[in-house]
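Heavy-atom basis, side chains included; hydrogens, waters and symmetry copies ignored.
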Amino acid sequence: MPELPEVETVKRGLERLVVSKTIKHVHHKADKSFPNDQYLVDEFMLGATISKVTRRAKVLLIELSSTYTIMVHLKMTGQLVFVGDTSRWGAGHPNDSLVDNLPDKSTRVHIEFDDGSILYFNDQRRFGWVKLLPNHAVELEPFMQKVGPEPFDPAFTPSVFIERVRRRNGTTIKAAILDQTVLAGVGNIYADESLWSTMIHPAERVRNISDAKLRELHGAIIAVMQLSIDKGGSTNKNYVDAEGKRGSYMEFANVFRREGQACTRCSTIIEKLRVAGRGTHICPHCQVQLEHKDN
DNA sequence: CACTTGACCTGTCCGC
DNA sequence: TGCGGACAGGTCAAGT
């Protein structure tokens with residue numbers, strides 16, 4: 001579930017919470033959640049200061065003063081939660097329970113800073129990872145080499161989107177926009193929401209969709225993700241931000257996880273189907289495949 | 001090559 | 001209540 005808006009929300013939280021902090025200890029389990037040589041951890045993490053936090057696609061990049069970068073992918077159930085200086089939050093802050101409960105059995109890595117605060121990487125399903133790389137090696141990672149443009153980059157114009165999405169003319173539009181090499185950051189939630197918004201059936205072949213419609217979709221992807229960032233992302237199940245807070249975008253979702261409920265546009269009951277191997281939510285009245293329409 | 005499906009994991013939910 | 005199986009979904013590997 002962490003898609004672009006969720007990762008962006010975590011990134012903004014970390015910018016506020018951990019930049020300029022110095023790493024004192026790194027606790028980790030020796031598994032693929034943390035595939036790093038111990039001597040590199042000792043040499044380039046311990047004593048290093050966090051200089052900058054950025055995001056590319058769904059990947060978080062935590063730059064250190066040591067010329068190394070901590071690369072984090074949350075995949076489905078990953079969380080990066082900062083705990084420290086609880087006094088300034090006050091009673092009732094969502095972080096309170098986390099202070100008491102972390103680390104827990106989902107904690108794969110935790111980074112302790114010299115002021116006693118701690119950044120936890122939790123991941124129930126262990127698909128996510130935390131990798132330490134020299135700065136120059138980040139862009140050489142295979143994923144970073146092939147990932148498509150950032151949706152909020154001004155260079156990502158409608159024509160750029162159309163040109164890239166048409167490289168996947170033979171597949172369904174949902175598979176095409178989920179493809180991270182077409183554009184960065186779209187996952188299952190925002191794919192369904194942007195397709196509902198533009199009244200495109202997720203199983204429609206890209207080649208059947210007009211440029212005008214793809215132009216609309218370009219705008220909808222950006223709009224939907226911007227709204228979600230404004231709402232702190234979507235908490236479907238596991239996702240929380242860097243302070244342990246849930247996002248509220250799901251309250252604004254029109255189809256995702258709303259099967260059985262009325263479409264907000266036409267009151268038809270939302271259905272769930274399977275497209276591109278994913279659970280997919282549509283309004284069967286608003287989103288009709290072109291070959292099934294009369295004329 | 002283009003595209004689809006399965007694997008990676010574990011917790012949760014549903015039906016019997 | 002217990003138990004098996006389906007499901008969740010980001011990305012890569014394997015299969016068609």
Side-chain angles (χ1 to χ4, degrees), chain A residues 1-11 29-35 55-61 71-80 101 103-109 121-131 138 140-148 150-151 163-195 202-208 221 225 228 233-240 246-247 249-250 253 255-260 271-282:
Chain A
M1 313 159 207
E3 303 178 29
L4 186 150
E6 291 73 32
V7 179
E8 178 64 22
T9 303
V10 171
K11 179 226 144 192
K29 312 203 172 174
D31 69 2
K32 66 189 178 63
S33 303
F34 194 78
R55 176 191 62 72
R56 174 75 171 106
K58 302 169 189 172
V59 176
L60 279 162
L61 301 167
M71 200 174 170
V72 182
H73 203 308
L74 302 174
K75 293 289 180 86
M76 256 96 65
T77 55
Q79 305 174 331
L80 269 179
N101 296 328
D104 65 20
K105 67 175 177 174
S106 77
T107 302
R108 316 306 308 163
V109 182
F121 173 70
N122 307 319
D123 188 10
Q124 195 172 83
R125 290 173 68 184
R126 306 190 196 182
F127 286 3
W129 40 256
V130 174
K131 253 193 294 199
V138 170
L140 302 176
E141 286 286 286
F143 177 83
M144 301 299 265
Q145 290 272 314
K146 67 185 184 187
V147 68
E150 286 292 322
E163 183 268 317
R164 299 183 72 89
V165 81
R166 289 225 180 275
R167 297 178 189 177
R168 303 294 312 276
N169 251 340
T171 190
T172 61
I173 186 64
K174 178 157 179 176
I177 62 176
L178 285 173
D179 182 344
Q180 300 298 296
T181 70
V182 171
L183 79 161
V186 176
N188 210 32
I189 300 174
Y190 306 108
D192 283 6
E193 290 299 316
S194 58
L195 290 168
E204 193 70 69
R205 298 282 147 179
V206 176
R207 69 165 68 89
N208 295 338
I221 290 169
M225 295 212 281
S228 184
S234 298
T235 296
N236 181 10
K237 192 166 154 33
N238 279 269
Y239 167 74
V240 292
R246 300 163 62 84
Y249 176 82
M250 288 299 284
V255 282
F256 192 79
R257 289 244 157 169
R258 291 190 75 249
E259 62 269 30
E271 292 176 359
K272 184 170 180 181
L273 46 149
R274 189 157 284 266
V275 177
R278 312 301 184 83
T280 298
H281 310 76
I282 64 159

Requested in this report: Decide yes or no on side-chain contact (heavy atoms from CB on, under 4.5 Å) for Arg205(A) and Thr172(A), but give the supporting numbers first.
Outcome: CA-CA 4 Å; Arg205(A) 298 282 147 179; Thr172(A) 61; 4.1 Å; yes

Query raised in the report: How many Å lie between CD on Glu3(A) and C1' on dG10(C), as a whole number?
Result: 9 Å

**Report entry** Separation of atom CD1 in Ile189(A) from atom P in dA8(C), rounded to whole Å
**Finding:** 12 Å

Query raised in the report: Excluding sequence neighbours, so at least two apart, what forms side-chain hydrogen bond (donor to acceptor under 3.5 Å, both in side chains) with Glu8(A)?
Result: Arg12(A), Arg55(A)

Query raised in the report: Got Phe34(A) and Lys29(A) here, is their nearest side-chain heavy-atom distance under 4.5 Å?
Result: no

Query raised in the report: Looking for any heavy atom pair under 4.0 Å, which part of the strands does Arg167(A) touch: base, sugar-phosphate only, or nothing?
Result: sugar-phosphate

**Report entry** Cationic N near anionic O, under 4.0 Å, Arg56(A) to Glu150(A)
**Finding:** yes

Query raised in the report: Mind checking what makes side-chain hydrogen bond (donor to acceptor under 3.5 Å, both in side chains) contact with Arg167(A), not counting sequence neighbours?
Result: Glu163(A)

What does the list of N/O pairs under 3.5 Å between the protein and nucleotides 11-15 of chain C look like, with a distance for each?
residue, atom, partner, partner atom, Å
dT11(C), OP1, His73(A), NE2, 2.6
dT11(C), OP2, Lys58(A), NZ, 3.1
dC12(C), OP2, Lys146(A), NZ, 3.2

Report summary line: Outer limits of DNA chain B sitting under 4.0 Å from a non-hydrogen atom of chain A, read 5' to 3', are dC3(B) to dT12(B)

Query raised in the report: Quick one: does Gln145(A)'s side chain get under 4.5 Å of Leu140(A)'s, heavy atoms only?
Result: yes

Query raised in the report: Are Ile177(A) and Val182(A) close enough that some pair of their side-chain heavy atoms sits under 4.5 Å apart?
Result: no

Query - N/O donor-acceptor pair under 3.5 Å between Gln79(A) side chain and Thr77(A) backbone - result: no

Query - Arg126(A) CZ to dG10(C) C1', straight-line distance once rounded to whole Å - result: 18 Å

Report summary line: With sequence neighbours left out, the residues meeting side-chain hydrogen bond (donor to acceptor under 3.5 Å, both in side chains) with Asn188(A) are Lys174(A)

Query - Nearest-angstrom distance from the residue atom NZ of Lys131(A) to C1' of dG10(C) - result: 14 Å

Query raised in the report: Within this structure, what is the CG-to-C1' distance between Asn238(A) and dA8(C), rounded to whole angstrom?
Result: 10 Å

Requested in this report: Check DNA chain B for consecutive Watson-Crick or G-U pairs with both distances under 3.5 Å and list the runs of at least three as stems.
Outcome: B:2-8 with C:10-16, B:10-16 with C:2-8

Report task. Sticking with atom P, work out how far dA14(C) lies from dC9(B), rounded to a whole angstrom. Result -> 14 Å

Query raised in the report: Does Lys146(A) offer a backbone N or O that forms a donor-acceptor pair with the side chain of Thr181(A) under 3.5 Å?
Result: no

**Report entry** Donor-acceptor contact present, side-chain Glu3(A) to main-chain Ile189(A), <3.5 Å
**Finding:** yes

Query raised in the report: If you look at every strand shown and take non-hydrogen atoms under 4.0 Å, does Gly170(A) touch a base, only sugar-phosphate, or nothing?
Result: sugar-phosphate

